[in-house]
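Below: one structure, written as structure tokens.
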Amino acid sequence: MQNSGSQTPRVRHRKRSSEGFQEASKANGSHLLVHDQNKYRSMLIRTYSTVWMIGGFALVIYLGHLYIAAMIVVIQIFMAKELFNLLRRSHEDRQLPGFRMLNWHFFFTAMLFVYGRILSQQLVNTVTTDMVLYKLVSKLVKYHMIACYALYIAGFVWFIVTLKKKMYKYQFSQYAWTHMILIVVFTQSAFTVANIFEGIFWFLLPATLIVINDIAAYIFGFFFGRTPLIKLSPKKTWEGFIGASFTTMISAFLLASIMGRFKWLTCPRKDLSTGWLQCDPDPFFRPEYYTLPRWFSQLFPWKEVAIMPVQWHALCLGLFASIIAPFGGFFASGFKRAFKIKVCNLEQS
């Protein structure tokens, strides 16, 4: 009895030590891609879906500015739908018929305000040949601000009228949550759509660099990842982060040179038509010639090199995509965990 009693704490201590070792092993990278037995199957699935997404994205780019803006609007609607549903409670909503429509009223009011401000001049330029439409659109543009303000006030009054006893806290939290969603969704998209009509280049290059950074981080982490980067995303590694940074910077410099040669990508769109564009290239996209050092020309057949000014700017975009953009993914991972979106597959991001 004495031996049995004396061994019990030891057994417990060994058990706790074993559990502690397993947790430490897990924290030190047992969830890294290099240790994943199903990593090749996962890579095949990711490759298949990536090819389809890139193909669809390339088609939208080819169709032009208006279709790209429409794609962003569709993405916004799905984003808003998901975010509206995060804090939705079915029991409370059943007691507030029609209250959910208020979210979408504010959403489309914000959409009218943001895109009306950005695309008003393009809309006017599109209908200049039709005098009736031109006068109608001019009036709409003139009273755009007051119309948006009236719609917002209507939503505010709608909210106050629908307040229900014992539901105040839920309704006010939903009101605040809706406005937070509008800020998150429309602040970034407003700049994105404005950039598109200044030239697809200013949308396509940053978006492509983000894709390249994400793919490169996955590949470098897949083959070389050993050191965990951040706890929010257990499979992200320093090797993937650093390898992706170099890949993105090099890609930025080269892609800027390639994309900068196409007028379809660099010319600004002054209306909402979908026709082909012709314009004189901006000085930003005109190559400047730099004489190479004598020792270099003795080793190689080149005496000078042509570099567009936009390529130096692209290096800044590449640096941003390498260092700052990945934290958007970490933010999304933390956000999902905060709201328990990933329940059965937390370790896959």
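Scanning both residues, Ile210 and Ala325, for their nearest heavy atoms gives CD1-CB, 3.1 Å. In terms of heavy-atom proximity, Val114 sits nearest to Ala190 at CG1-CB, 3.7 Å. Leu317 approaches Pro206 most closely through the heavy-atom pair CD1-CG, 4.3 Å. When every heavy atom of Ala256 is checked against every heavy atom of Ala314, the shortest pair comes out as CB-CB, 3.5 Å. The two atoms that bring Ser322 and Asn213 nearest to each other are CA-ND2, 3.5 Å, heavy atoms only. Nearest heavy atoms, Gln171 versus Thr162: NE2-O, 2.9 Å.
His65 and Phe197 have tilted rings, their planes meeting at an angle from 30° to 60° on a 0 to 90° scale.
The shortest distance between side-chain heavy atoms of Val193 and Leu119 falls below 4.5 Å. Leu204 has its side chain within reach of Ile61: a pair of non-hydrogen atoms, C-beta onward, lies under 4.5 Å apart. Residues Leu182 and Phe106 are in side-chain contact: their nearest non-hydrogen atoms beyond the backbone lie under 4.5 Å apart. With a 4.5 Å cut-off on side-chain heavy atoms, Phe107 and Ile77 count as touching. For the pair Met71/Phe57, a side-chain contact is recorded, criterion being any heavy-atom separation below 4.5 Å from C-beta on. Considering only heavy atoms from C-beta on, Tyr152 stays 4.5 Å or farther from Leu112 through its side chain. Between Phe159 and Phe99, some side-chain heavy-atom pair lies under the 4.5 Å cut-off. Side-chain contact between Thr274 and Leu63: absent, with no pair of heavy atoms (C-beta onward) separated by less than 4.5 Å.
Side-chain N or O atoms of Asn125 include one that pairs as donor or acceptor with a backbone N or O of Lys270 at under 3.5 Å. The backbone N or O of Glu198 lies less than 3.5 Å from no partner atom in the side chain of Arg269, so there is not a single donor-acceptor pair. Remark: side-chain polar atoms of Gln311 are paired, donor with acceptor, to backbone N or O of Met308 under 3.5 angstrom. A donor-acceptor contact shorter than 3.5 Å is absent between the side chain of His105 and the backbone of Met101. Ser49 places a side-chain N or O within 3.5 Å of a backbone atom of Arg46 that can act as its donor or acceptor partner. A donor-acceptor pair under 3.5 Å is absent between the side-chain atoms of Trp158 and the main chain of Ile153, judged by distance alone. Looking only at distances, no side-chain donor or acceptor of Thr247 sits under 3.5 Å from a matching main-chain atom of Ala216. The main-chain N or O of Val184 is found under 3.5 Å from a side-chain atom of Gln188 such that the two form a donor-acceptor pair. Looking only at distances, a side-chain donor or acceptor of Lys164 sits under 3.5 Å from a matching main-chain atom of Gln95.
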side-chain hydrogen bond (donor to acceptor under 3.5 Å, both in side chains) evaluation trace for Gln76 with Ser189:
CA-CA 8 Å; Gln76 282 182 322; Ser189 63; 2.3 Å; yes
Criterion ring-ring contact (aromatic ring centres under 6.0 Å, His included) on Phe330 and Phe327, from CA distance to verdict
CA-CA 5 Å; Phe330 302 151; Phe327 284 87; 5.2 Å; yes
Yes or no on side chain to side chain contact (heavy atoms under 4.5 Å, CB included) for Ile215 and Ile212, after CA distance, side-chain angles and deciding distance?
CA-CA 5 Å; Ile215 293 175; Ile212 290 173; 5.9 Å; no
Residues Glu239, Leu229; criterion side chain to side chain contact (heavy atoms under 4.5 Å, CB included); working and verdict:
CA-CA 9 Å; Glu239 290 80 4; Leu229 175 62; over 6 Å; no
Decide side chain to side chain contact (heavy atoms under 4.5 Å, CB included) for Arg117 and Met145; before the verdict, give the C-alpha distance in whole Å, the side-chain angles of both, and the deciding distance to 0.1 Å.
CA-CA 9 Å; Arg117 295 272 292 180; Met145 292 288 290; 3.8 Å; yes
Step by step, would you call Leu123 with Leu140 a side chain to side chain contact (heavy atoms under 4.5 Å, CB included)?
CA-CA 11 Å; Leu123 181 59; Leu140 291 174; over 6 Å; no
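Interatomic distance, CZ of Phe224 versus OG1 of Thr237, reported as 10.5 Å (0.5 Å rounding). Taking OG1 of Thr128 as the start and CG of Leu133 as the end, the distance is 10.5 Å to the nearest 0.5 Å. To the nearest 0.5 Å, atom CD1 of residue Ile250 and atom CG of residue Leu315 are 10.5 Å apart. Rounded to the nearest 0.5 Å, atoms OG1 (Thr248) and CD1 (Ile323) are 10.5 Å apart. Interatomic distance, CZ of Phe186 versus CZ of Phe191, reported as 14.0 Å (0.5 Å rounding). Once rounded to the nearest 0.5 Å, the distance linking NZ of Lys142 with OG of Ser138 reads 10.0 Å.
Partners of Val305 according to the side-chain contact (heavy atoms from CB on, under 4.5 Å) rule, which considers only residues two or more places apart in sequence or in another chain, are Tyr290, Leu292, Ile307.
Residue Leu209 is grouped with residue Val60 when hydrophobic side chains (ILVMFWY) are merged at heavy-atom distances under 4.5 angstrom, including chains of intermediate members. Both Tyr149 and Phe113 are assigned to one and the same hydrophobic cluster, defined by single-linkage of ILVMFWY side chains at heavy-atom distances under 4.5 Å. No single ILVMFWY cluster, assembled from side-chain heavy atoms under 4.5 Å apart, contains both Tyr48 and Tyr218. Hydrophobic clustering of Ile, Leu, Val, Met, Phe, Trp and Tyr side chains at less than 4.5 Å, counting indirect connections, unites Ile196 with Tyr67. Cluster membership for Val73 and Ile181, using ILVMFWY side-chain heavy atoms within less than 4.5 angstrom, is shared.
Between Phe285 and Phe201, the ring center distance clears the sub-6.0 Å criterion. Under the 6.0 Å cut-off for aromatic ring centres, Trp104 and Phe84 qualify, their centroids lying closer than that. Annotation: Tyr168 is not in aromatic contact with Phe172 [ring centroid separation under 6.0 Å not met]. In this structure, Trp312 has its ring center under 6.0 Å from that of Phe253.
Within 6.0 Å of NZ in Lys135 there are 12 or fewer heavy atoms belonging to other residues, nucleotides or ligands. Atom CG of Asp280 has 12 or fewer neighbouring heavy atoms from other residues, nucleotides or ligands inside a 6.0 Å radius. For Met79, the CE atom counts as densely surrounded, since its 6.0 Å shell holds more than 12 non-hydrogen atoms of other residues, nucleotides or ligands. Counting heavy-atom neighbours within 6.0 Å of Phe108 CZ, excluding the residue itself, gives a total above 12. Summarising the local packing, OH of Tyr62 is surrounded by 12 or fewer heavy atoms from other residues, nucleotides or ligands at distances under 6.0 Å.
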